Amino acid sequence: MDSYCIEHITAAHPNALEEGTYFLIINAGKTPPHLGWLVDGRYYSLHVKGKNLATPFRSLLKPFEMQRTPLLLFQLQGIQQGASAIELILARYSKVGEGITCLHPIRDFFKEHTPVDITAVHFVFDLLPRLYQQNMIAQVQHLFMEAQVQEGQFCLPTYTMNDIDTRIAALNQPVTT
């Protein structure tokens with residue numbers, strides 16, 4: 001399986017995440033991972049059950065820590081629009097599924113509010129090189145990835161649209177007890 005390698009990753013300090021705009025890769029080692037935003041300590045994402053809008057990130061830290069959910073946090077620079085722009089974009093979507101992925105609102109944001117060319121962006125590993133080219137990533141940090149980040153580097157597994165569709169279908173299956 002191919003991968004996209006990310007370098008210069010440092011450990012995050014949760015208190016420092018209360019300010020700034022971050023693009024998140026959640027469950028970074030899974031194929032596919034989940035994507036979201038962190039803006040001034042508030043979490044935003046589109047998922048199979050709906051949306052997270054301005055969820056305090058601190059309230060998610062304990063479950064992430066207990067489940068050892070690997071998180072990559074890309075601190076962005078040069079972003080003028082923040083939470084209100086993200087909320088307006090997320091309002092266009094109800095949930096992930098039927099051809100809509102968690103990347104769609106993120107693509108919309110970059111298309112509408114930055115110079116990033118997202119024409120050929122279909123996956124996060126398509127987006128990241130464009131963010132680097134535009135010098136939009138100030139730093140990359142991680143939480144709960146001590147074993148996966150080696151010498152400041154992590155290689156994100158690449159995946160296909162079929163992998164995304166399979167994962168969405170699995171998440172939409174009723175839970176049996």
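Heads up: numbering here begins at 1 and tracks the sequence. No experiment lies behind these values; they were computed from the predicted model shown.
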Using every non-hydrogen atom in the two residues, find where [X] and [Y] come nearest and quote the distance to one decimal.
X      : Y      : answer
Pro33  : Cys102 : O-SG, 4.5 Å
Pro157 : Gly29  : CG-O, 3.9 Å
Gln153 : Cys5   : NE2-SG, 3.9 Å
Ser59  : Thr55  : OG-CG2, 3.8 Å
His47  : Lys95  : O-CB, 3.3 Å
Gln141 : Ala11  : OE1-O, 4.0 Å

For Val140, the option from Tyr22, Phe23, Tyr132 that meets side chain to side chain contact (heavy atoms under 4.5 Å, CB included)
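Among Tyr22, Phe23, Tyr132, the one that satisfies the side chain to side chain contact (heavy atoms under 4.5 Å, CB included) with Val140 is Tyr132.
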Output the distance between atom [atom1] ([X]) and atom [atom2] ([Y]), rounded to the nearest 0.5 Å.
X      : Y      : atom1 : atom2 : answer
Phe74  : Leu131 : CZ    : CG    : 8.5 Å
Tyr44  : Glu87  : OH    : CD    : 4.5 Å
Leu88  : Asp108 : CG    : CG    : 11.5 Å
Ile25  : Lys30  : CD1   : NZ    : 15.0 Å
His122 : Ile164 : NE2   : CD1   : 11.0 Å
Asn162 : Thr166 : CG    : OG1   : 4.0 Å

Please step through side-chain contact (heavy atoms from CB on, under 4.5 Å) for the pair Leu72 and Leu24, ending with a clear verdict.
CA-CA 6 Å; Leu72 282 174; Leu24 275 61; over 6 Å; no
[X] versus [Y]: any side-chain heavy-atom pair under 4.5 Å?
X      : Y      : answer
Ile86  : Phe109 : yes
Glu112 : Gln81  : no
Leu17  : Leu143 : yes
Gln67  : Lys62  : no
Leu38  : Leu73  : yes
Leu46  : Ile100 : yes
Ile26  : Tyr43  : yes
Thr69  : His34  : no

So, [X] side chain and [Y] main chain: donor-acceptor pair closer than 3.5 Å or not?
X      : Y      : answer
His13  : Asn15  : no
Thr158 : Asp2   : yes
Asp163 : Pro32  : no
His113 : Phe110 : no
Thr101 : Leu103 : yes
Gln150 : Ala147 : yes
Arg107 : Val121 : yes
Gln75  : Thr21  : no

Any donor-acceptor N or O pair under 3.5 Å, side chains [X], [Y]:
X      : Y      : value
Arg167 : Asn27  : no
Ser45  : Asn52  : yes
Tyr4   : Asp126 : no

Determine, using the 4.5 Å side-chain heavy-atom cutoff (strictly less than), whether [X] and [Y] are members of one ILVMFWY cluster.
X      : Y      : answer
Phe154 : Phe64  : no
Leu128 : Val149 : yes
Leu60  : Leu171 : no
Leu61  : Leu53  : no

Inspect the surroundings of CD in Glu98 and state if more than 12 heavy atoms from other residues, nucleotides or ligands are less than 6.0 Å away.
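At most 12 heavy atoms, drawn from other residues, nucleotides or ligands, come within 6.0 Å of this atom.
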Check whether more than 12 heavy atoms from other residues, nucleotides or ligands sit under 6.0 Å from atom NZ of Lys51, and answer yes or no.
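Check passes, neighbour count above 12.
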Show your working on side-chain contact (heavy atoms from CB on, under 4.5 Å) between Leu71 and His142 and close with a plain yes or no.
CA-CA 5 Å; Leu71 301 168; His142 76 84; over 6 Å; no
Under the side-chain contact (heavy atoms from CB on, under 4.5 Å) rule, what do Leu35 and Leu127 come out as? Steps first, then yes or no, please.
CA-CA 12 Å; Leu35 309 175; Leu127 176 62; over 6 Å; no
Parallel, tilted or perpendicular, judged at 30° and 60°: which one describes the rings of Tyr159 and Phe125?
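The arrangement is perpendicular - the two ring planes meet at more than 60°.
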Working for side-chain contact (heavy atoms from CB on, under 4.5 Å), residues Ile79 and Met136
CA-CA 8 Å; Ile79 300 288; Met136 293 191 70; 3.4 Å; yes
Regarding Arg42 and Glu18, does a basic nitrogen lie under 4.0 Å from an acidic carboxylate oxygen?
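Result for this pair is no, no salt bridge flagged.
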May I ask you to decide whether Arg130 forms a salt bridge with Asp117, counting only side-chain N to carboxylate O separations under 4.0 Å?
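The answer is no: the pair does not qualify as a salt bridge.
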